[in-house]
Amino acid sequence: MVTRIITGIVLIAAVIAWLFFADFPIFTMGALFIYMVGAYELGPIFKFKQRYLFLFLAVAAVVCCFVIAPPGEFVSGHIPPVVKYIIALSIPLWIGVVPLIKAYPHKSSWYENKVICAILGLLMLVPFLEGLLVLRATDIALDANTGAYLVLAVMALVWAADSGAYFAGVFFGKNKLIPAVSPKKTREGLYGGLILAFAALILFMHLGLFSVYADSSSALIASGIIAIVFSVIGDLLESMIKRLGGVKDSGKIFPGHGGMLDRIDSQLAAVPLFLSVNWLISGNLA
């Protein structure tokens with residue numbers, strides 16, 4: 001328990017420093033570190049014959065993305081359409097994994113197809129990475145911290161959902177959500193998480209933390225709700241693939257907290273979906 005608490009404190013301090021004290025190039029390197037560790041952990045979970053094969057694919061993917069659209073362009077306020085389309089791939093991905101989760105463990109033959117696993121892994125990681133960079137670069141020329149508060153706000157929606165789900169589950173949990181995938185999750189926990197996260201969304205809106213993504217209230221509310229709901233799907237997907245891979249934690253990088261994917265599983269869905277849905281509804285996707 002002590003190790004878990006100490007690690008948690010260090011993680012909080014590191015995230016705050018990364019968001020508010022690092023310039024955009026350093027932030028980008030931090031985001032790449034998260035991406036690469038996540039890719040390193042996914043390889044063994046998907047049981048690739050060579051541990052570094054998926055990591056190599058992930059490196060190739062991010063190099064292609066950065067060559068086509070260098071992140072430095074985001075600082076000027078210009079987000080190339082190709083970047084938006086890459087991030088928007090999160091929409092079919094996260095909708096598509098829902099039936100996979102519901103069908104587990106009876107229909108899991110897709111897991112044996114490593115091409116499908118590779119595509120799934122890349123679509124989990126690449127839109128998330130690009131989404132982080134786009135959020136952090138928002139209005140950075142006008143105020144260096146606008147994007148930092150924006151990233152924090154989107155991530156905090158997920159943290160609120162997790163906290164609400166935990167306490168609602170502890171005090172009121174009776175009906176299991178999807179026991180084959182995550183035995184401890186309950187429907188009551190899900191509802192509690194959604195309520196607290198929605199309250200956080202309204203609070204952050206009033207605090208003005210969403211910057212340009214609050215220009216359309218309907219787009220902001222819709223994208224926030226979708227991000228909150230699908231953050232649960234992100235958590236469930238990681239739980240499912242870990243079960244398929246026969247592992248408890250995705251890694252050991254954080255003592256007492258498991259691996260990188262264990263910490264960002266919900267964010268993998270929330271970050272790109274927040275952006276994609278907001279652009280789609282506000283008419284700014286193209």
Side-chain angles (χ1 to χ4, degrees), residues 13-40 42 54-91 93 121-156 158 208-216 219-220 223 227 260 263-264 267-280 282-286:
V15 168
I16 291 174
W18 176 56
L19 288 177
F20 292 98
F21 298 101
D23 58 15
F24 189 69
I26 299 299
F27 178 87
T28 301
M29 286 190 283
L32 280 170
F33 173 76
I34 294 171
Y35 172 87
M36 296 302 292
V37 174
Y40 176 77
L42 267 180
F54 182 75
L55 181 61
F56 173 79
L57 293 174
V59 170
V62 77
V63 168
C64 289
C65 288
F66 282 16
V67 168
I68 294 171
E73 294 183 8
F74 306 168
V75 176
S76 65
H78 173 65
I79 308 301
V82 65
V83 173
K84 292 185 176 182
Y85 295 145
I86 289 171
I87 295 173
L89 289 173
S90 60
I91 296 177
L93 166 69
L122 291 176
L123 290 179
M124 289 169 63
L125 291 172
V126 176
F128 166 72
L129 171 64
E130 293 281 21
L132 276 180
L133 300 180
V134 168
L135 286 174
R136 184 61 183 88
T138 301
D139 285 341
I140 197 169
L142 299 176
D143 184 344
N145 286 330
T146 297
Y149 282 113
L150 183 54
V151 174
L152 184 62
V154 175
M155 288 188 164
V158 175
L209 300 184
F210 290 109
S211 184
V212 297
Y213 296 97
D215 289 348
S216 169
L220 175 56
S223 59
M260 182 67 74
R263 302 275 59 82
I264 65 169
Q267 306 289 353
L268 292 176
V271 168
L273 283 175
F274 174 83
L275 286 167
S276 303
V277 174
N278 194 289
W279 287 330
L280 187 63
S282 64
N284 293 318
L285 182 58

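Since we're looking at a predicted model, the values are computed, not measured. Numbering of residues begins at 1 and proceeds along the displayed sequence.
A donor-acceptor distance shorter than 3.5 angstrom exists from the side chain of R136 to the backbone of L19, with no hydrogens or angles considered. Between the side chain of Q267 and the backbone N or O of M155 there is at least one donor-acceptor pair closer than 3.5 Å.
Atoms OH and CG, on Y213 and D215 in that order, are 10.0 Å from each other to the nearest 0.5 Å. Here the OG1 atom belonging to T28 is positioned 8.5 Å from the CZ atom belonging to F74, to the nearest 0.5 angstrom. How far CG of L268 is from OG of S90: 11.0 Å, rounded to the nearest 0.5 Å. Once rounded to the nearest 0.5 Å, the distance linking CG of L135 with CG of L152 reads 11.5 Å.
Across all their heavy atoms, N284 and K84 have their closest contact at O-NZ, 2.6 Å. Closest of all the heavy-atom pairs between A58 and Y35 is O-OH, 2.7 Å. What you find for V154 and A270 is that their closest heavy atoms are CG1-O, 4.3 Å. A137 and F24 make their closest contact through CB-CE1, 3.7 Å (heavy atoms, listed as atom of the first residue, atom of the second, distance).
Annotation for F20: atom CZ counts as buried by contact number, over 12 foreign heavy atoms lying within 6.0 Å.
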Exercise. Would L89 and L93 satisfy side chain to side chain contact (heavy atoms under 4.5 Å, CB included), going step by step from the backbone distance to the final call?
Worked result: CA-CA 6 Å; L89 289 173; L93 166 69; 6.0 Å; no
For this session: For L209 and L150, run side chain to side chain contact (heavy atoms under 4.5 Å, CB included): C-alpha distance rounded to whole Å, both residues' side-chain angles, the deciding distance at 0.1 Å, then the answer.
Result: CA-CA 6 Å; L209 300 184; L150 183 54; over 6 Å; no
Exercise. Please walk me through it: do Y40 and M260 pass side chain to side chain contact (heavy atoms under 4.5 Å, CB included)?
Worked result: CA-CA 10 Å; Y40 176 77; M260 182 67 74; over 6 Å; no
Please tabulate, for side-chain N and O atoms in residues 125-134, each donor-acceptor pair with protein atoms closer than 3.5 Å (sequence neighbours left out).
none

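Here the options are D139, D143, T146, the test is side-chain hydrogen bond (donor to acceptor under 3.5 Å, both in side chains), and the partner is S211; only D139 passes. Evaluated for a side-chain contact (heavy atoms from CB on, under 4.5 Å) with I86, the options C65, S276, P80 yield exactly one hit, C65.
When the ring-ring contact (aromatic ring centres under 6.0 Å, His included) test is applied to F27, the partners found at least two apart in sequence or on another chain are W18.
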